[in-house]
Every structure is written in C-alpha cells, then in structure tokens.
Q: 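Encoded as structure tokens, here's the structure I'll be asking about.
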Amino acid sequence: YVLSDGGCLVRVRSRCGLKSAGCLCLHNMNGPVAMQSISFPQPSLALDAMKATEVRATRWVAIASFTVLAAVAAQFRLYLWEVPFTLQTAVAAGAGLFLGSRNGAISMSLYLLLGLVLPVFAGAVYGLDYFFTVPSAGYVLAFPIMAAIVGRIAETAEHEGTVFWASIVGMLITYLIGATVLYVVMGYESIGAAVMRGVVPFVPADLAKMGGVTLLYGGIRRLMADR
C-alpha cells in the first residue's frame with residue numbers, strides 16, 4: 001500500500017503479482033471528509049486457473065497417447081526365436097523425445113501398469129505372470145528407462161545427430177536389460193547366447209526405427225520453430 005498525493009491509500013500489487021487497486025480517501029482540499037472506498041476492477045484468477053488446468057489436461061492426454069501407442073505397437077509383432085519384433089522401441093524412444101524425460105518415463109510406466117490388468121503386451125500373457133515367465137519381458141521393463149534416458153539427452157541436444165545418438169543409447173540400455181532377463185528365463189548356457197538370439201537379429205531394424213523417430217522429431221521441431 002502507498003499513500004498517493006491525493007490522500008488515497010492505494011494497493012498497487014497483490015502478493016500473487018496481479019495488479020489490483022483499491023483507494024481509501026482520507027481527505028480532500030476542503031478538509032476532512034467521510035471515509036469512503038473506491039473499487040477498481042481486479043483481474044480474475046479464474047482465467048489463470050483455467051489455463052493451468054488446460055496445460056495439465058494436455059500433458060496427461062499426451063502421456064496417455066504414448067501409453068496407447070505402446071499397446072497398439074505390441075499387437076503388430078513378428079517372432080524371431082523367443083523375442084518378437086515389434087515397433088515398441090520406436091514408441092519408447094518417441095515418448096522420451098516428444099514428452100521429455102519425466103513424462104516419457106511416466107507414459108511407459110503406465111503401459112507396464114496397464115499390462116497388469118489388460119492384455120496389452122506382445123502375446124496373450126499379461127499380469128504379473130508376464131514378467132516372470134515371458135522371455136522378452138526384460139525389454140518391456142526397460143521402456144521407462146529408455147524413455148527417460150533418451151528424453152534427458154535430447155532435452156539439451158542442439159542437433160539431430162545428438163538426438164539420434166540419444167535414441168541409440170536408450171536402445172543399448174534396452175538390449176542390456178532385455179538380454180539379461182532372456183538369459184535368466186531361458187537358462188541359456190551363456191549370456192552370449194542370449195545376445196545372439198535377443199539382440200543381434202534386431203539391430204538393423206532397430207537402427208532404422210531410431211533413425212525414423214529422429215527424423216520425425218526433428219521435422220516436427222523445425223515446423224514448430226517456423227511458426
């Protein structure tokens with residue numbers, strides 16, 4: 001509050017940073033007068049609250065969209081030995097790129113939780129049994145980590161090349177976790193056998209998928225920058 005030259009006590013700014021004012025006149029040129037108040041229109045906080053709600057809603061819609069994409073991608077599968085070929089690694093990398101590290105990890109974590117009650121994984125098995133009996137479960141468990149790592153690196157990337165390498169790092173993490181679980185569940189004689197069956201056959205296709213996601217991400221980012 002400040003005392004103006006005309007004898008008015010004026011509130012010039014509220015604690016939340018919004019401009020508002022109310023004037024309490026203390027006197028006039030002819031002497032003391034009755035105390036009165038003058039009210040000025042104050043900006044409503046409702047608009048800011050509505051905008052914040054819209055931002056939160058948009059964020060959760062985007063998160064849920066990638067959760068659904070992961071579930072849909074699992075249904076298009078081609079089995080190579082015990083591990084199926086799907087488009088899910090592209091979705092996990094895309095979640096990290098388009099949603100960011102935190103939201104991408106949340107999206108893929110929701111996919112894992114959804115698989116506890118619905119058949120959204122590759123194959124007919126779902127629930128806790130999937131994680132203890134299916135050889136390819138390790139790759140799915142790695143999706144939240146992949147999204148988080150890809151998103152974290154990409155958040156500071158200035159070139160598409162860096163974004164591509166971020167997706168490659170995420171893919172390698174997925175290979176590491178997936179091959180380890182494959183080795184344990186299948187009881188292979190060595191981890192090398194798990195790598196030959198659960199990693200090597202997928203490398204060419206995964207490189208193509210990571211390249212495609214990188215190009216899509218870079219194109220959309222350039223389009224948004226030109227607006």
Q: Taking all heavy atoms of L182 and all of Y188, pick out the closest pair and write down the distance.
A: CG-CE1, 3.8 Å

Q: Could you tell me if the side chain of T133 sits less than 4.5 Å from the side chain of V185, heavy atoms only?
A: no

Q: Using a 4.5 Å cut-off on heavy atoms from C-beta on, say whether the side chain of S167 contacts that of T214.
A: yes

Q: Which atoms form the tightest heavy-atom contact between M146 and M171, and what is the distance?
A: CE-N, 3.8 Å

Q: Between A179 and V199, which heavy-atom pair has the shortest distance, and what is it?
A: CB-CG2, 4.0 Å

Q: Are the side chains of W60 and I63 in contact, using a 4.5 Å heavy-atom criterion?
A: yes

Q: Going by distance alone, is a donor N or O of one side chain under 3.5 Å from an acceptor N or O of the other, for Q88 and Y139?
A: no

Q: So do the side chains of V150 and V169 get within less than 4.5 Å of each other, counting heavy atoms only?
A: no

Q: Any chance you could lay out the side chain to side chain contact (heavy atoms under 4.5 Å, CB included) test for L116 and Y130, step after step, and finish with the verdict?
A: CA-CA 8 Å; L116 294 177; Y130 177 87; over 6 Å; no

Q: So for atom CZ, which belongs to R221, do other residues, nucleotides or ligands contribute more than 12 heavy atoms lying within a distance under 6.0 Å?
A: yes

Q: Of all heavy-atom pairs between S107 and F66, which one has the smallest distance, and what is that distance?
A: OG-CB, 3.2 Å

Q: Show the nearest heavy-atom pair for residues A92 and M108, with the distance to one decimal.
A: CA-SD, 3.9 Å

Q: With sequence neighbours left out, write down each residue that passes side-chain hydrogen bond (donor to acceptor under 3.5 Å, both in side chains) with T89, or none if nothing qualifies.
A: D206, K209

Q: Give the intermediate values and the outcome of side chain to side chain contact (heavy atoms under 4.5 Å, CB included) for residues E155 and R152.
A: CA-CA 5 Å; E155 283 168 357; R152 178 64 64 187; 3.4 Å; yes

Q: Might you work through the ring-ring contact (aromatic ring centres under 6.0 Å, His included) test for Y126 and F121, ending with a clear yes or no?
A: CA-CA 7 Å; Y126 65 98; F121 299 135; 8.3 Å; no

Q: Can you sort out the partners of R77 under salt bridge (Lys or Arg N to Asp or Glu O under 4.0 Å), two or more places apart, ordered by chain and number?
A: none

Q: Do V91 and F143 come within less than 4.5 Å of each other through their side chains, counting heavy atoms only?
A: no

Q: Can you name the closest pair of heavy atoms from A122 and T86 and give their distance?
A: CB-CG2, 4.3 Å

Q: Kindly compute the distance separating CD1 (I149) from CD1 (I168), expressed to the nearest 0.5 Å.
A: 13.0 Å

Q: Would a distance-only check, ignoring hydrogens and angles, find a side-chain to backbone donor-acceptor pair under 3.5 Å from Y111 to V120?
A: yes

